[in-house]
Amino acid sequence: MPATKGVFGLAFKKSAGESLVEDRSVEFQQRLAKLGQLRESGVDPYPNDFKPSTTAAAVTEKYGPLTPEELEARKGESVSIAGRIMAKRDFGKASFVQIQDRSGRIQAYAKKDILGEAAYNTFKLCDMGDIIGFEGHLFRTKTGELTIEATSLRLLAKGLHPLPEKWHGLSDVEARYRQRYLDLMVNPEVKDVFVKRSRIIKFIRDFLTGRDFMEVETPMLQSIPGGAAAKPFKTYHNALQMELYMRIAPELYLKRLIVAGLERVFEINRNFRNEGISTRHNPEFTMLEFYLAYATFDDLMDLTEEMISSLIRELTGSMKITYQGAEIDFTPRWTRISVRDAILKYSDAAEDIFEDKDKAVLFSKKLGLKIPEGLSHGKILTEIFEEVAEPKFIQPTFVTHYPLDVSPLSRKNAKDPSIVDRFELLVAGREIANAFSELNDPIDQRERFENQLKEKAAGDAEAHEMDEDFVRALEYGMPPTAGEGIGIDRLVMLLTDSPSIRDVILFPQLKKAVSQSSPSAAGDNV
RNA sequence: GAGCCGCUAGCUCAGUCGGUAGAGCAUCUGCCUUUUAAGCAGGUGGCCCCGGGUUCGAGUCCCGGGCGGCUCACCA
């Protein structure tokens with residue numbers, strides 16, 4: 001009604017300033033008016049003294065199996081629930097509402113006879129999307145639905161925005177990412193993904209601590225961004241007057257802790273890489289890295305197999321998952337194949353490409369690969385591998401023995417110094433884990449860094465930096481160690497059948513939204 | 001960075017050949033004390049992403065820009 005809108009719109013303006021009531025939808029104005037009515041009738045629309053006694057799921061579990069007669073007999077048992085109104089079916093002097101809390105939904109029945117005139121009038125001013133709390137006992141409706149009959153009811157937080165549509169939910173992808181709280185509120189399958197993500201991380205944490213690993217946290221702000229080949233984010237510390245980088249990997253710090261004698265450490269935390277964004281890349285992403293002294297990359301293949309297969313059993317009760325239509329079987333033991341054998345198996349390459357760089361260049365050209373001038377032999381072989389073999393590994397596969405010059409931190413193979421004792425775990429054609437026997441020879445490590453510096457000088461922006469303190473740490477002696485990194489986001493994608501990394505990150509990185517509230521923002525963008 | 005697609009009411013979407021901007025849900029008013037996307041009747045609600053251009057006339061056609069999605073490139 002226009003008169004009501006005008007009156008309460010004006011009343012609100014006086015107390016809270018004009019900006020809030022301008023440029024808003026009609027429904028926002030209507031809800032503001034209801035807020036005003038509630039305050040005028042002495043109801044605090046945002047109280048904080050209500051404590052629910054239980055949850056929707058717990059109530060359903062406890063009372064769901066009982067017959068209507070049994071429920072009638074237990075009318076004296078009162079429960080209290082708090083949550084958001086997700087549906088409202090109003091009959092005038094009685095009403096059904098669906099209440100959603102963290103556990104799920106349950107129906108409540110509000111009847112004027114029971115609640116009384118004043119409380120029912122307050123309830124009438126509650127809308128879909130408001131948070132309410134109520135107390136009552138259980139009964140079953142004519143249609144058989146377990147329902148709480150409210151004996152008292154309170155508004156706990158007034159919502160001023162209408163909720164997305166009850167049937168289709170929120171499907172606009174951009175809105176889902178920018179307003180993830182709405183996505184989580186109305187799309188239950190989205191919440192399921194993040195519940196699963198939480199369980200996965202907890203499982204891994206328990207798995208490793210159960211094997212005497214210690215969880216640690218190492219610097220995210222680093223003066224030398226090391227441990228991976230990637231472009232870092234740069235930042236500046238004012239008081240220290242120094243440039244810092246967001247870390248691209250924790251590796252070099254975790255290995256310092258191995259030098260220190262911690263022997264078994266892991267970290268689950270964020271890495272930051274200043275690179276492109278895609279369905280598989282977010283600028284910040286979560287990485288598990290763990291290091292185990294007196295072990296080799298062979299040991300880590302066994303450990304990884306055990307960790308991931310038991311994780312999948314725990315999560316699904318089975319050893320198989322479906323990812324984007326492909327069935328993937330994690331039953332051990334997984335295939336193990338070297339980069340060299342994989343190339344020979346999946347292409348018609350001759351063996352001499354591994355000994356003769358010119359032959360490798362020739363073969364890569366035959367494949368149609370664009371190989372920049374000056375690319376090292378090992379990098380060319382890696383490119384060939386990625387082209388011909390990587391997409392073939394749908395089932396979990398350990399690909400071992402990468403070329404030396406793409407692995408500046410790995411231990412050389414004892415028999416063939418052109419390759420390293422390293423593996424990547426590939427699933428659905430994607431890298432899930434990367435691990436190696438760690439290089440602990442400080443002289444060798446220094447030479448590798450120096451080679452990286454040469455590549456950097458030759459134009460490779462992602463070549464590794466020299467880290468003198470890390471080399472010095474190795475000079476004190478690092479026990480023989482194996483280390484591994486697992487991209488948590490990509491693992492979660494796999495286990496939740498999510499096609500995009502944005503589906504498994506709560507707030508994925510997007511460009512700055514064009515402001516809807518300040519008209520001047522359009523000018524700022526030009 | 002390139003190509004393709006999208007952007008219309010709070011949400012989900014129509015909008016024909018360029019000719020007065022629509023539906024469902026939500027919301028508002030009235031009725032309704034066991035509903036299940038409750039129902040019945042009647043209303044409100046629009047910077048058609050932004051800026052130019054063509055035209056008597058642009059949501060629609062053309063150009064430029066923004067944001068998003070997908071694919072490719074990049075990212076071992």
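Everything numeric in this text was worked out from a predicted model, so none of it was measured. We name chains A, B, ... by the order of the sequence lines, and we start the count at 1 in each one.
With rounding to whole Å, Q509(A) atom CD is found 11 Å from G69(B) atom P. In this entry the distance linking CG of D127(A) with C1' of C11(B) reads 15 Å, nearest Å. Atom CD of Q37(A) and atom P of C28(B) are 11 Å apart (whole Å). R178(A) places its CZ atom 18 Å from the C1' atom of G10(B), with the value rounded to the nearest Å. With rounding to whole Å, M128(A) atom CE is found 10 Å from C28(B) atom P. A76(B) atom C1' lies 12 Å from atom CD1 of I371(A), rounded to whole Å. I384(A) places its CD1 atom 14 Å from the C1' atom of A76(B), with the value rounded to the nearest Å. We find that CZ of R176(A) is positioned 16 Å from C1' of G6(B), with the value rounded to whole Å.
Rounded to whole Å, the separation between the P atoms of U44(B) and A37(B) comes to 29 Å. The same atom, P, is picked in U29(B) and in G45(B); the two are 15 Å apart, to the nearest Å. The separation of G57(B) from A21(B), taken at their C1' atoms, amounts to 15 Å, rounded to a whole angstrom. Nucleotides G59(B) and G46(B) have their C1' atoms positioned 11 Å apart, rounded to a whole Å. Nucleotides C50(B) and C67(B) are separated by 11 Å at their C1' atoms, to the nearest Å. Atom name P, nucleotides C13(B) and G19(B): the rounded distance is 25 Å, in whole Å. As rounded to the nearest Å, C7(B) and A76(B) have P atoms that lie 36 Å from one another. Between A2(B) and G65(B), the two P atoms lie 9 Å apart (nearest whole Å).
Ring geometry for Y109(A) against F139(A) counts as tilted: the plane angle lies between 30° and 60°, on a 0 to 90° scale. Taking the six-membered ring where tryptophan is involved, the planes of F449(A) and H464(A) are tilted, since the angle between them lies from 30° to 60°.
A salt bridge between E174(A) and R502(A) is absent, with no side-chain N of the basic residue lying under 4.0 Å from a carboxylate O of the acidic one. Between D444(A) and R411(A) there is no salt bridge, since no side-chain nitrogen of the basic residue lies less than 4.0 Å from a carboxylate oxygen of the acidic one. K93(A) and D113(A) are not joined by a salt bridge, as no carboxylate oxygen comes within less than 4.0 angstrom of a charged side-chain nitrogen.
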*Before giving the answer on ring-ring contact (aromatic ring centres under 6.0 Å, His included), spell out for F393(A) and Y346(A) the whole-Å C-alpha distance, their side-chain angles and the decisive distance to 0.1 Å.*
CA-CA 11 Å; F393(A) 298 117; Y346(A) 291 103; 5.5 Å; yes

*Decide yes or no on side chain to side chain contact (heavy atoms under 4.5 Å, CB included) for K345(A) and I337(A), but give the supporting numbers first.*
CA-CA 10 Å; K345(A) 181 173 175 186; I337(A) 186 170; 4.3 Å; yes

*Test side chain to side chain contact (heavy atoms under 4.5 Å, CB included) on V339(A) and R422(A) and set out the steps.*
CA-CA 10 Å; V339(A) 169; R422(A) 167 180 170 190; over 6 Å; no

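Counted by atom type alone, R89(A) and Q107(A) present one or more donor-acceptor pairs between their side chains at under 3.5 Å. Under 3.5 Å, the side chains of E484(A) and N434(A) contain no donor-acceptor pair of N or O atoms. Looking only at atom types and distance, the side chain of D101(A) has no donor-acceptor partner in the side chain of T55(A) under 3.5 Å away. Looking only at atom types and distance, the side chain of Q179(A) has a donor-acceptor partner in the side chain of Y181(A) under 3.5 Å away.
In this structure, K359(A) places its NZ atom where only 12 or fewer heavy-atom neighbours from other residues, nucleotides or ligands lie under 6.0 Å away.
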Every protein N/O within reach of nucleotides 70-74 of chain B N/O, cut-off under 3.5 Å:
unit_1: C70(B); atom_1: OP2; unit_2: R502(A); atom_2: NH1; d: 2.9

Would you list the protein and nucleotides 33-37 of chain B atom pairs, both N or O, that sit under 3.5 Å from each other?
unit_1: U33(B); atom_1: OP2; unit_2: F91(A); atom_2: O; d: 3.4
unit_1: U33(B); atom_1: N3; unit_2: D113(A); atom_2: OD2; d: 2.9
unit_1: U33(B); atom_1: O4; unit_2: D113(A); atom_2: OD1; d: 2.2
unit_1: U33(B); atom_1: O4; unit_2: D113(A); atom_2: OD2; d: 2.8
unit_1: U34(B); atom_1: O2; unit_2: K142(A); atom_2: N; d: 2.8
unit_1: U35(B); atom_1: O2; unit_2: R89(A); atom_2: NE; d: 2.6
unit_1: U35(B); atom_1: O2; unit_2: R89(A); atom_2: NH2; d: 3.3
unit_1: U35(B); atom_1: O2; unit_2: Q107(A); atom_2: OE1; d: 3.4
unit_1: U35(B); atom_1: N3; unit_2: Q107(A); atom_2: OE1; d: 2.9
unit_1: U35(B); atom_1: N3; unit_2: Q107(A); atom_2: NE2; d: 2.9
unit_1: U35(B); atom_1: O4; unit_2: Q107(A); atom_2: NE2; d: 2.4
unit_1: U35(B); atom_1: O4; unit_2: T141(A); atom_2: OG1; d: 2.9
unit_1: U36(B); atom_1: O2; unit_2: E145(A); atom_2: OE1; d: 2.9
unit_1: U36(B); atom_1: N3; unit_2: E145(A); atom_2: OE1; d: 2.5
unit_1: U36(B); atom_1: O4; unit_2: T141(A); atom_2: OG1; d: 3.0
unit_1: U36(B); atom_1: O4; unit_2: T143(A); atom_2: OG1; d: 2.0
unit_1: A37(B); atom_1: O3'; unit_2: K166(A); atom_2: NZ; d: 3.2

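Nucleic acid contact for L163(A): none, since no nucleic acid atom lies under 4.0 Å from a heavy atom of the residue. Here D172(A) lies in heavy-atom contact (under 4.0 Å) with sugar-phosphate atoms only. Within 4.0 Å of V406(A), counting heavy atoms only, lies at least one base atom of the nucleic acid.
Using a 4.0 Å cutoff on non-hydrogen atoms, no part of residues 152-160 of chain A comes near RNA chain B.
For R140(A), the side-chain contact (heavy atoms from CB on, under 4.5 Å) criterion is met by P68(A), L71(A), L146(A), not counting sequence neighbours. By the salt bridge (Lys or Arg N to Asp or Glu O under 4.0 Å) test, E431(A) pairs with no residue at all, sequence neighbours left out.
Relative to the side chain of L170(A), the nucleotides G69(B), C11(B), C28(B) differ in distance, and C11(B) lies closest.
Residue S171(A) places at least one side-chain N or O under 4.0 Å from the OP1 or OP2 atom of C13(B).
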*With Watson-Crick and G-U wobble geometry limited to distances under 3.5 Å, how should the secondary structure of RNA chain B be encoded in dot-bracket form, using | for bases paired to another strand and [ ] for crossing pairs?*
(((((((..((((.....[..)))).(((((.......))))).....(((((..]....))))))))))))....

